[in-house]
Amino acid sequence: MKKLNFILLIMILIFALFTGCSSKGNQEQPADNNTSQETKEENKEKDKKLVMYTNAEFAPFEYFEGEKVVGVDADIAQEIAKDLGKEVVIEHIDFDSLIPALVTGKADFVAAGMTITPEREEEVDFSIPYVESVQNIISKKEAELKTMDDLKGKKIGVQLGTTGDLAVTDAINLDDGDLYNTGAEVKTYASALEAALDLMTGRIDAVVIDKLPAEEIVKNNADNLVTVKFGEISEAYGIAVEQGNTELLESINKTLQRLLDEGKIEEFISNHSN
Ligand code: GLN
């Protein structure tokens, strides 16, 4: 008899557990619906936004005007968003964190005067080229650093992770590099502006950075600084998207082609060059 009672008790417990679970499940159903409703709304909001990541220390392509990031790339981004019926949101981070931000899905695209290189193409997809550039040397007027030869034994500042960084590091480290074994040293900075400050105070002898940003820095310090070409290698800027995001890439390319055809990119450059 005792055994029977015990079995009965177990059966009641199992039943209670089962109905308990299922009723709990039923209660959660509407909550789940709410969440998915909310997620849908959130996604709709997200769908209207196009997130651009950049490093806003690269005038005329991107720089701060108060709290706002403006510049050639910001103007291009507005056009891309307009053509897609979306609104662009611009985030500023360090240059060498831009590709990781794309790869981890934080950004829809990166527009940062970024040179298309085979190494970067292994991680992201690039648009058609929209600007051509070369590397420039910035130095103090009286230093007369005019050629690669003049950089032998000098301390050279670069922006971390840029093509300027790569060019100088290779020139110093490769045994057929122009600055190999000359005592030349590379110093990396978060931005060319920070490097330029160190140049002014004499901590370094030169800064190597893209032509137009170099010219902007020199224009703002015209009494002290000069800039000349660093090398002959021509670089092309592209807008980067996550690999395989062909839909966005195609619309970016369409907008870029239209802007190039209309001469708008030249216009944006002259608007943002002071
Ligand atoms: N064009 C250079 C590069 O891609 C520098 C870009 C930048 O500093 N924003 O590395």
Side-chain angles (χ1 to χ4, degrees), residues 52-65 69-77 90-103 106-107 109-138 156-173 186-199 204 206-220 227-242 252 256 265 268-269 272-273:
M52 160 178 155
Y53 269 48
T54 194
N55 170 252
E57 296 169 304
F58 201 65
F61 293 97
E62 34 271 327
Y63 56 99
F64 278 100
E65 210 169 68
V69 176
V70 296
V72 178
D73 285 325
D75 287 352
I76 293 174
I90 303 181
E91 302 284 346
H92 157 77
I93 57 169
D94 282 348
F95 185 80
D96 71 327
S97 302
L98 289 172
I99 289 190
L102 258 189
V103 174
K106 287 192 194 120
F109 66 92
V110 163
M114 186 177 271
T115 303
I116 303 169
T117 68
E119 294 76 19
R120 290 174 181 160
E121 275 177 318
E122 280 172 22
E123 294 186 85
V124 296
D125 288 343
F126 278 103
S127 69
I128 55 168
Y130 64 97
V131 166
E132 289 277 314
S133 184
V134 289
Q135 293 298 313
N136 260 37
I137 306 168
I138 310 174
I156 308 161
V158 295
Q159 185 183 13
L160 182 66
T162 59
T163 42
D165 179 5
L166 202 72
V168 174
T169 310
D170 278 355
I172 292 175
N173 291 341
V186 66
K187 196 160 180 246
T188 53
Y189 294 85
S191 74
L193 293 174
E194 277 176 42
L197 284 179
D198 262 9
L199 173 63
I204 53 174
V207 178
V208 171
I209 191 77
D210 302 38
K211 183 173 187 280
L212 292 182
E215 286 173 356
E216 281 305 301
I217 291 174
V218 169
K219 263 187 232 164
N220 293 325
T227 184
V228 293
K229 239 204 247 179
F230 171 73
E232 293 304 323
I233 300 167
S234 154
E235 301 184 11
Y237 293 172
I239 291 178
V241 299
E242 198 177 344
I252 289 177
L256 282 176
I265 294 187
F268 295 160
I269 291 175
H272 292 285
S273 305

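Every number for a ligand or one of its atoms is a count from 1 in the order of the listing.
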Self-check item: Residue-ligand contact E62/ligand 1, heavy atom below 4.0 Å
Solution: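 No heavy atom of E62 comes that close to ligand 1.
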Hey, is the main chain of [Y] close enough, under 3.5 Å, to the side chain of [X] for a donor-acceptor pair?
| X | Y | answer |
| --- | --- | --- |
| T169 | D165 | yes |
| N220 | E216 | yes |
| T188 | Q159 | no |
| H92 | A56 | yes |

Of all the non-hydrogen atoms in the protein, which one sits nearest to [atom], and at what distance?
| atom | answer |
| --- | --- |
| atom 9 (N) of ligand 1 | A112 O, 2.9 Å |
| atom 1 (N) of ligand 1 | D210 OD2, 2.6 Å |
| atom 6 (C) of ligand 1 | G113 O, 3.3 Å |

Under a 4.0 angstrom heavy-atom cut-off, which atoms of ligand 1 come close to [X]?
| X | value |
| --- | --- |
| R120 | 3 (C), 4 (O), 10 (O) |
| T163 | 1 (N), 2 (C), 3 (C), 10 (O) |
| M114 | 4 (O) |

Quiz item: Does any N or O atom in I209 lie less than 3.5 angstrom from one in ligand 1, N or O only?
Solution: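 No: no nitrogen or oxygen of I209 is under 3.5 Å from one in ligand 1.
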Quiz item: Less than 3.5 Å between some nitrogen or oxygen of Q159 and one of ligand 1, yes or no?
Solution: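 Indeed, backbone or side chain, Q159 has an N or O that close.
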Quiz item: Taking atom CD1 of I204 and atom CG of L197, what is their separation to the nearest 0.5 Å?
Solution: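 If I round to the nearest 0.5 Å, the distance is 9.5 Å.
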Exercise. Quick one: sort the F61 and Y237 rings into parallel, tilted or perpendicular, breaks at 30° and 60°.
Key: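 Ring orientation of F61 relative to Y237: perpendicular.
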Self-check item: Residue part near ligand 1, for Y237, under 4.0 Å between non-hydrogen atoms
Solution: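 It is the side chain that touches ligand 1; the backbone stays farther off.
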